[in-house]
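All remarks here apply to the structure that follows.
All residue numbers refer to positions in the sequence shown, counting from 1. Keep in mind it's a predicted model, so treat the numbers as computed, not measured. Note: hydrogens, waters and symmetry copies are ignored here, and every other heavy atom, side chains too, is used.
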Amino acid sequence: MDLKVNMDEYLPLREVVFNALRTAIIHGEFKPGERLMEMHLAKSLGVSRTPVREAMRMLELEGLVVMIPKKGAEVARITEKNLKDALEIRMALEELAAELACRRIDDAGREQLKTACEAFRKAVETRDLSAIVDADVAFHNVVYEATDNDRLVSISQTLREQVYRYRVEYVKDLNHHSKLVAEHEALTEAILQGDEDRAKEVTRKHIYDQEKIVIANAVKTHYMQ
């Protein structure tokens with residue numbers, strides 16, 4: 001695995017390593033349950049084992065890594081509790097965002113929303129998982145921006161990193177890609193028409209379906225505890 005570190009960052013080395021490992025875990029480059037060997041990671045990153053060990057402790061505090069006695073560190077498995085907790089918050093925020101976007105979206109926002117919806121459809125056609133996830137994030141960011149609520153946008157960005165891992169797991173299931181496109185199109189139409197009830201209904205179903213599919217896939221692949 002080709003791990004990337006940005007040594008130009010004005011940060012302690014442990015935080016540079018932490019950011020590199022965190023990104024790799026969130027993007028699914030390390031699988032849930034996969035062992036993280038300090039020596040191997042240090043060699044890949046071109047650093048000593050000390051900043052890797054310190055980064056592991058930081059990742060453990062975030063719940064992305066667990067320390068197993070006599071085995072060492074491994075990527076935390078997805079737990080149903082953590083998934084439900086994160087998606088409950090996301091559902092509440094995105095319902096609010098959809099409602100406010102219906103009321104406040106301006107002409108520029110309408111064009112951005114239509115563009116983001118089309119970009120997501122094209123990303124799905126590529127079957128490139130990273131491109132699909134990034135296009136999904138970009139689409140929902142446009143909805144948040146349309147609320148004209150800076151505090152809500154800021155909160156959503158904090159949550160985004162916590163649910164990114166679940167987004168990756170969700171889009172891995174190619175069978176649901178067409179449904180994802182349809183849901184984005186339905187949400188776009190509802191917001192453009194100012195239909196708050198429809199926008200919230202689509203949002204609820206979109207996130208509820210994500211939860212069920214991630215749980216089913218995680219259980220099937222033994223990623224869930």
Quiz item: What's the shortest heavy-atom distance between Cys102 and Ala190, and which atoms?
Solution: SG-O, 3.9 Å
Practice problem: Rounded to the nearest 0.5 Å, what's the gap from OG on Ser48 to CD on Glu54? Could you check? | Solution: 8.0 Å
Self-check item: Ile89 and Asp85, any side-chain heavy atoms less than 4.5 Å apart
Solution: no
Quiz item: Can Lys205 and Glu201 be counted as an ion pair, charged N to O under 4.0 angstrom?
Solution: no
Quiz item: Salt bridge or not for Arg121 and Glu118, using N-O below 4.0 Å?
Solution: yes
Quiz item: Going by an N to O cut-off under 4.0 Å, is there a salt bridge joining Lys172 and Glu169?
Solution: yes
Exercise. For the residue pair His176 and Asp209, confirm or rule out a side-chain donor-acceptor distance under 3.5 Å.
Key: no
Quiz item: What are the two closest heavy atoms between Ala101 and Thr147, and how far apart are they?
Solution: N-CG2, 4.1 Å
Exercise. Mark yes when over 12 heavy atoms from residues, nucleotides or ligands other than Arg49 sit less than 6.0 Å from its CZ; otherwise mark no.
Key: yes
Practice problem: Without swapping roles, check the side chain of Asp136 against the backbone of Ile132 for a donor-acceptor pair under 3.5 Å. | Solution: no
Quiz item: Of the non-hydrogen atoms in Gly109 and Val142, which two are nearest, and what is the gap between them?
Solution: O-CG1, 4.3 Å
Quiz item: Between Arg90 and Gln210, is any side-chain donor less than 3.5 angstrom from a side-chain acceptor?
Solution: yes
Quiz item: Got a sec: does the CE of Met37 have more than 12 other heavy atoms crowding it under 6.0 Å?
Solution: no
Practice problem: Mind listing the closest non-hydrogen atom pair of Phe139 and Leu187 along with its distance? | Solution: CE2-CD2, 3.9 Å
Self-check item: Test item: side-chain donor near acceptor, Asp134 and Tyr164, under 3.5 Å
Solution: yes
Quiz item: With a 4.0 Å cut-off, would you call Glu74 and Arg35 a salt bridge?
Solution: no
Quiz item: Would you call Glu125 and Lys122 a salt bridge, using N to O less than 4.0 angstrom?
Solution: no
Quiz item: Parallel, tilted or perpendicular for His206 and His140, by the 30°/60° rule?
Solution: parallel
Quiz item: Charged N to carboxylate O under 4.0 angstrom, Lys200 versus Glu95?
Solution: no
